[in-house]
Amino acid sequence: MPSNKSSDMVHIDHDEQFHLKWMREAMTMANEALASGEVPVGCVFVRNGVAIAKARNRTNQLQNASRHAELEAIDLILDDNHLTPSSLMAWHPLSDTTLYVTVEPCIMCASALRQLGIKEVFYGCENDKFGGCGTVLGVNESIEHPVHPSYKATGGYLREDAILILRRFYVTENTNGSFFSSPPCPPIFHHLFLSEFLPLFFLFRIVPFYKGCHIPFSFLFFFVIYFISIFHLFKL
């Protein structure tokens, strides 16, 4: 009869393989994003061992700063009555759903996931500039909220693959964000403006996480976080 330790190891290995399976699916979506000239981030939402939605970044294609992979997939789920029964819509429709995403969700996406009651998140590499699951701000669990439950976010799954595909993208530079058309604007600003700066202006729709906090203060708070990140990035 195997020892408890051996049994635990088998269980851990099984879980790891399960998570890696879905992370590979997310990487497939990230590769699709890269082929389309988008920042290569992909995700898969899994419920009861079945993928219920897959998506990738589409910010350049749609010229819409909120079209991160996570929000693209969330829209697919919320648009399907079979995936979001009306009895759940008023509360947390993702309470039995797990997200696999190649890069740590940004502050905007991490907040949306919490409001929808996501069960758990697994990601590839850290989002050093805009991470909302602990790297920059712990929106997922370190900030208390009276209504929206916290969720666990675990990184490191196919981390090197996630980093390498991002490097491939930035080596060629993101020239598809046509919001700016003047040549003097460095290509990296196309991505930062469309994928990171503009989402800030959608945050006024997000419920503040600080008790008694008013929307203008919440807006200012997130603005400061973003400014510090950009300051660090460009050594202003």
Side-chain angles (χ1 to χ4, degrees), residues 1-36 38-58 68-78 80 82-84 88 92-106 109-110 112-114 116-128 130-136 138-142 149-170:
M1 180 177 180
S3 66
N4 289 335
K5 182 176 180 181
S6 298
S7 177
D8 289 343
M9 288 297 293
V10 171
H11 178 68
I12 292 173
D13 288 343
H14 179 269
D15 287 346
E16 289 294 304
Q17 291 303 315
F18 180 83
H19 298 322
L20 287 172
K21 168 191 173 182
W22 292 116
M23 192 58 72
R24 292 188 187 98
E25 292 286 338
M27 283 300 305
T28 297
M29 300 306 298
N31 276 288
E32 183 179 312
L34 180 65
S36 300
E38 299 281 355
V39 180
V41 178
C43 71
V44 180
F45 283 79
V46 177
R47 179 182 295 165
N48 298 325
V50 177
I52 62 171
K54 303 178 183 180
R56 60 171 177 81
N57 271 7
R58 297 178 68 201
H68 290 195
E70 299 94 323
L71 299 189
E72 281 284 294
I74 286 172
D75 281 353
L76 293 175
I77 296 171
L78 297 182
D80 190 328
H82 295 291
L83 297 178
T84 52
L88 296 176
H92 299 112
L94 300 182
S95 60
D96 58 353
T97 306
T98 299
L99 168 65
Y100 294 86
V101 59
T102 57
V103 178
E104 175 188 1
C106 70
C109 292
L113 290 166
R114 184 163 179 175
L116 293 170
I118 193 74
K119 179 181 179 181
E120 191 170 3
V121 172
F122 295 90
Y123 62 87
C125 65
E126 302 82 3
N127 187 338
D128 292 333
F130 311 102
C133 292
T135 301
V136 174
V139 175
N140 62 311
E141 60 181 357
S142 65
S150 62
Y151 60 89
K152 183 179 180 181
T154 306
Y157 290 89
L158 299 185
R159 180 176 183 273
E160 295 302 319
D161 292 353
I163 292 173
L164 285 174
I165 194 172
L166 287 171
R167 286 177 178 170
R168 286 173 59 194
F169 174 80
Y170 284 112

Sequence neighbours excluded, which residues qualify as salt bridge (Lys or Arg N to Asp or Glu O under 4.0 Å) partners of R159?
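Salt bridge (Lys or Arg N to Asp or Glu O under 4.0 Å) check on R159 returns E126.
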Residues two or more places apart in sequence or in another chain: which of them pass salt bridge (Lys or Arg N to Asp or Glu O under 4.0 Å) with E25?
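Listed in chain order: K54.
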Side-chain donor/acceptor of [X] to backbone N/O of [Y], under 3.5 Å:
X: R47; Y: L83; value: yes
X: N57; Y: A69; value: yes
X: E38; Y: A33; value: no
X: R114; Y: V139; value: yes
X: T135; Y: G131; value: no

Indicate the ring-plane relationship of Y100 and F122, choosing parallel, tilted or perpendicular according to the 30° and 60° boundaries.
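Ring orientation of Y100 relative to F122: parallel.
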What's the spacing between [X] [atom1] and [Y] [atom2] if we round to 0.5 Å?
X: R24; Y: H19; atom1: CZ; atom2: NE2; answer: 12.5 Å
X: L76; Y: I52; atom1: CG; atom2: CD1; answer: 10.0 Å
X: I74; Y: T84; atom1: CD1; atom2: OG1; answer: 12.0 Å
X: D161; Y: L20; atom1: CG; atom2: CG; answer: 10.0 Å
X: L116; Y: Y151; atom1: CG; atom2: OH; answer: 10.0 Å
X: F45; Y: T98; atom1: CZ; atom2: OG1; answer: 10.0 Å

For [X] against [Y], the heavy-atom pair lying closest together:
X: G49; Y: W22; result: O-CZ2, 3.4 Å
X: P40; Y: T102; result: O-OG1, 4.0 Å
X: K152; Y: E141; result: CA-OE1, 4.3 Å
X: G132; Y: A110; result: O-CB, 3.5 Å
X: C133; Y: N140; result: CA-OD1, 3.3 Å
X: A53; Y: I77; result: CB-CG1, 3.6 Å

Let me know which of I118, V44, L94, V46 forms a side chain to side chain contact (heavy atoms under 4.5 Å, CB included) with L99.
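That would be I118.
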Applying side-chain hydrogen bond (donor to acceptor under 3.5 Å, both in side chains), can you list everything that pairs with D80, at least two apart in sequence or on another chain?
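side-chain hydrogen bond (donor to acceptor under 3.5 Å, both in side chains) list for D80, sorted by chain: empty.
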Give the intermediate values and the outcome of side-chain contact (heavy atoms from CB on, under 4.5 Å) for residues H68 and C106.
CA-CA 9 Å; H68 290 195; C106 70; 3.5 Å; yes
Test log, rule side-chain contact (heavy atoms from CB on, under 4.5 Å), inputs T154 and V121:
CA-CA 6 Å; T154 306; V121 172; over 6 Å; no
Counting C-beta onward and ignoring hydrogens, is there a side-chain heavy-atom pair between [X] and [Y] closer than 4.5 Å?
X: V41; Y: R56; result: no
X: F169; Y: V39; result: yes
X: C43; Y: E72; result: no
X: M23; Y: V101; result: no
X: T97; Y: K119; result: no
X: P93; Y: L78; result: yes
X: I163; Y: R167; result: yes

